[in-house]
Amino acid sequence: MNLEQILTSIDLRSAGARMYQLVFELYPICRSITGAGFRATLCRIREHIPFEIHEVPTGTKVFDWTVPKEWNIHDAWVKNDKGEKVIDFTKSNLHVVNYSVPVHQTMTLTELREHLHTLPDWPDWIPYRTSYYKENWGFCLAHKQFQELQEGEYEVCIDSRLTAGSLTYGEYYLAGKRRDEVLLSCHACHPSLCNDNLSGVALVTQLAKLLSNASLEYSYRFLFIPGTIGSITWLAHNEDKVPWIRHGLVVANVGDPGKFHYKRSRRGNAEIDRAAVHALRQRTEGFELLEFSPYGYDERQYCSPGFNLAVGSLTRTPHGRFPQYHTSADDLNFVHPEALAGSLAAYLSVLQILENNSRYINLNPKGEPQLGKRGLYRAIGGSADAGQLELAMLWVLNLSDGNHSLLDIAERSGLEFAAVHSAAKTLEEYQLVQAVPETSGEQRERW
């Protein structure tokens, strides 16, 4: 089964429900860029796809960065002078600033306030805060809860550990007919936040599972990594694999009900950029195209000038553009199975274009070949409109000079890629066009 067949036969409603179920299962786990929570998440995902788990020791140099100490947390709380827990990590893992150093001491409310984080504009929500690379500690709480704190003494406890350990990431590789690769990368390091980015984790898992049963032209590499340090670590340890990456997408924020957004790669008009835009134009009522910016998710690392990979990012509402972003409101009520299913369909549409974007040579280039005698053209002329397939055949015949790809033809003609691809396959069957063999490793020529 190829990608086109998967796209037309998949039960998207069931797929959306499966992805939402995985989000539901992973939601309670306290994750970070290292530690037991990240490993537990990978173990859950591994029940669906048999990927490799890699461990990179603390202190390992990765370009200009160093793999940090491993962070694990057992418990955390703040008690008032009556012994009542006014902040309790067991009720929400967002209550603790991620990567907080251990602390156990008594202090006044004035002293405690220096370590408390709230969202006055959203008084019922708990913010998500981190301190990965500067040793610190803190608590996050709803602003309403903060306003209820009374003057007095508070006992503060964060039972955490920062020790020499390792950074963990998961990697799943599917070999296709060609060695050239499509990279699909998602960050899996945030604690109980659903859209950012358990939605991405669930979608990549589902994609990997679907593609594992498909006949593939490209090889595919799926990465489940901690944000920033994870992609930098993978790149530093896999420079020999980088030249084979032909296309890539960073997957995040795909479970909310917002419209699609596509952020171009640094190259701006790479094949992945064009395929994503074409797929979105054909499949949705509206989307927003974003130019590349060195701010965002791991596309920043893949698109850094030393690599300049053709990696974009396809999301629904981008990071920072929905008020629930990095708050407790990014919960199980914010993501929807229907949105996940629609995002899966969009990704499959993009990949289907990449898989089938061949170039052809017209074997009868002098004038149009007579399609009617081959049964490829309507028997009675005079109609104002040619059928889409007939029109697509004419475009394929005219532009099949060995230089134009099917995506080139679809863009220039304004036709759907699926119609152009179908026309090319029909013409090939009748020996009117011939596919040009792909040159594997075009990316390597730049290195």
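Note that the coordinates shown come from a computational prediction; the quantities given were computed from them, not determined experimentally.
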Minimum heavy-atom distance between [X] and [Y], given as atom pair plus value:
X	Y	result
Ala208	Ile49	CB-CD1, 3.8 Å
Pro191	Leu94	CG-CD2, 3.6 Å
Thr327	Leu193	O-CD2, 3.2 Å
Ser265	Phe292	O-CB, 3.5 Å
Ala275	Ile353	O-CD1, 3.6 Å
Glu299	Val311	CB-O, 4.2 Å

What's the separation between atom [atom1] in [X] and atom [atom2] in [Y], rounded to the nearest 0.5 Å?
X	Y	atom1	atom2	answer
Asn364	Leu427	CG	CG	10.5 Å
Leu432	Leu371	CG	CG	7.0 Å
Tyr128	Asn93	OH	CG	9.5 Å
Glu411	His278	CD	NE2	7.5 Å
Met19	Ser343	CE	OG	7.5 Å
Asp298	Ile232	CG	CD1	8.0 Å

[atom1]/[X]: more than 12 non-hydrogen atoms of other groups inside 6.0 Å:
X	atom1	value
Lys61	NZ	yes
Gln21	CD	yes
Lys91	NZ	no

Does any donor atom in the side chain of [X] or [Y] lie under 3.5 Å from an acceptor atom in the other side chain?
X	Y	result
Asn98	His190	no
Ser166	Arg39	yes
Thr233	Tyr169	no
Tyr99	Ser160	no

Taking [X] for the side chain and [Y] for the main chain, is one N or O donor matched with an acceptor at less than 3.5 Å?
X	Y	value
Ser219	Gly176	yes
Arg359	Gly402	yes
Asn357	Leu407	yes
Asn197	Gly200	yes
Trp71	Ser100	yes
Asn362	Val433	no
His247	Leu354	no
Arg31	Leu26	yes
Asp273	Arg264	no
Arg129	His117	no

Any [X] side-chain heavy atom under 4.5 Å of [Y] side chain:
X	Y	result
Pro68	Tyr132	no
Asn356	Asn2	no
Glu438	Lys177	no
Glu390	Met393	yes
Leu183	Glu181	no
Ser212	Leu174	yes
Ser185	Ile225	yes
Val97	Ser131	yes

Side-chain donor-acceptor distances from residues 248-258 under 3.5 Å, at least two apart:
residue: Asn253; atom: ND2; partner: Tyr297; partner atom: OH; Å: 3.2
residue: Asp256; atom: OD1; partner: Asn195; partner atom: ND2; Å: 3.0
residue: Asp256; atom: OD1; partner: Thr317; partner atom: N; Å: 3.3
residue: Asp256; atom: OD2; partner: Gly258; partner atom: N; Å: 2.8
residue: Asp256; atom: OD2; partner: Thr317; partner atom: OG1; Å: 2.7

>> Please determine whether side-chain hydrogen bond (donor to acceptor under 3.5 Å, both in side chains) holds for the pair Ser231 and Gln301, giving the CA-CA distance in whole Å, both sets of side-chain angles, and the decisive distance to 0.1 Å.
In response: CA-CA 7 Å; Ser231 52; Gln301 315 310 329; 5.0 Å; no
>> Going by the rule salt bridge (charged side-chain N to carboxylate O under 4.0 Å, His left out), which residues pair with Asp408 if we only count those two or more places apart in sequence or in a different chain?
In response: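 Asp408 satisfies salt bridge (charged side-chain N to carboxylate O under 4.0 Å, His left out) with Arg274 once adjacent residues are dropped.
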> Sequence neighbours excluded, which residues qualify as salt bridge (charged side-chain N to carboxylate O under 4.0 Å, His left out) partners of Lys144?
Replying inline: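 Result, salt bridge (charged side-chain N to carboxylate O under 4.0 Å, His left out) vs Lys144: Asp124.
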> Any cation-pi pair here, Arg178 with Tyr218, using under 6.0 Å and within 45°?
Replying inline: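 Ring-cation test returns yes.
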> Arg18 and His48: side chain to side chain contact (heavy atoms under 4.5 Å, CB included), yes or no, with the steps?
Replying inline: CA-CA 11 Å; Arg18 288 192 296 272; His48 300 270; over 6 Å; no
> Relative to the ring of His319, is the ring of Tyr325 parallel (under 30°), tilted (30 to 60°) or perpendicular (over 60°)?
Replying inline: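 Tyr325 and His319: tilted rings.
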> Would you call the rings of Tyr133 and Trp65 parallel, tilted or perpendicular if under 30° counts as parallel and over 60° as perpendicular?
Replying inline: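 The arrangement is perpendicular - the two ring planes meet at more than 60°.
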Mind checking what makes side chain to side chain contact (heavy atoms under 4.5 Å, CB included) contact with [X], not counting sequence neighbours?
X	answer
Tyr27	Ser192, Cys194, Leu198, Asp331, Leu332
Leu12	Ile10, Ala341, Leu344, Ala345
Thr8	none

>> Tell me whether Lys425 is salt-bridged to Glu4, with the criterion being a basic N under 4.0 Å from an acidic carboxylate O.
In response: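 No, Lys425 and Glu4 are not salt-bridged.
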>> With side chain to side chain contact (heavy atoms under 4.5 Å, CB included) as the criterion, how do Phe139 and Val96 come out once you've worked through the C-alpha distance, each side chain's angles and the decisive distance to 0.1 Å?
In response: CA-CA 5 Å; Phe139 287 88; Val96 173; 4.1 Å; yes
>> As a test of understanding, state which of Tyr173, Phe222, Tyr220, Phe224 forms a ring-ring contact (aromatic ring centres under 6.0 Å, His included) with Phe51.
In response: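 Of the listed options, the one satisfying the test is Phe224.
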>> Using the rule side-chain hydrogen bond (donor to acceptor under 3.5 Å, both in side chains), only one of Glu171, His54, Glu239 pairs with Trp234; which is it?
In response: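 That would be Glu171; it is the only one of Glu171, His54, Glu239 passing the side-chain hydrogen bond (donor to acceptor under 3.5 Å, both in side chains) with Trp234.
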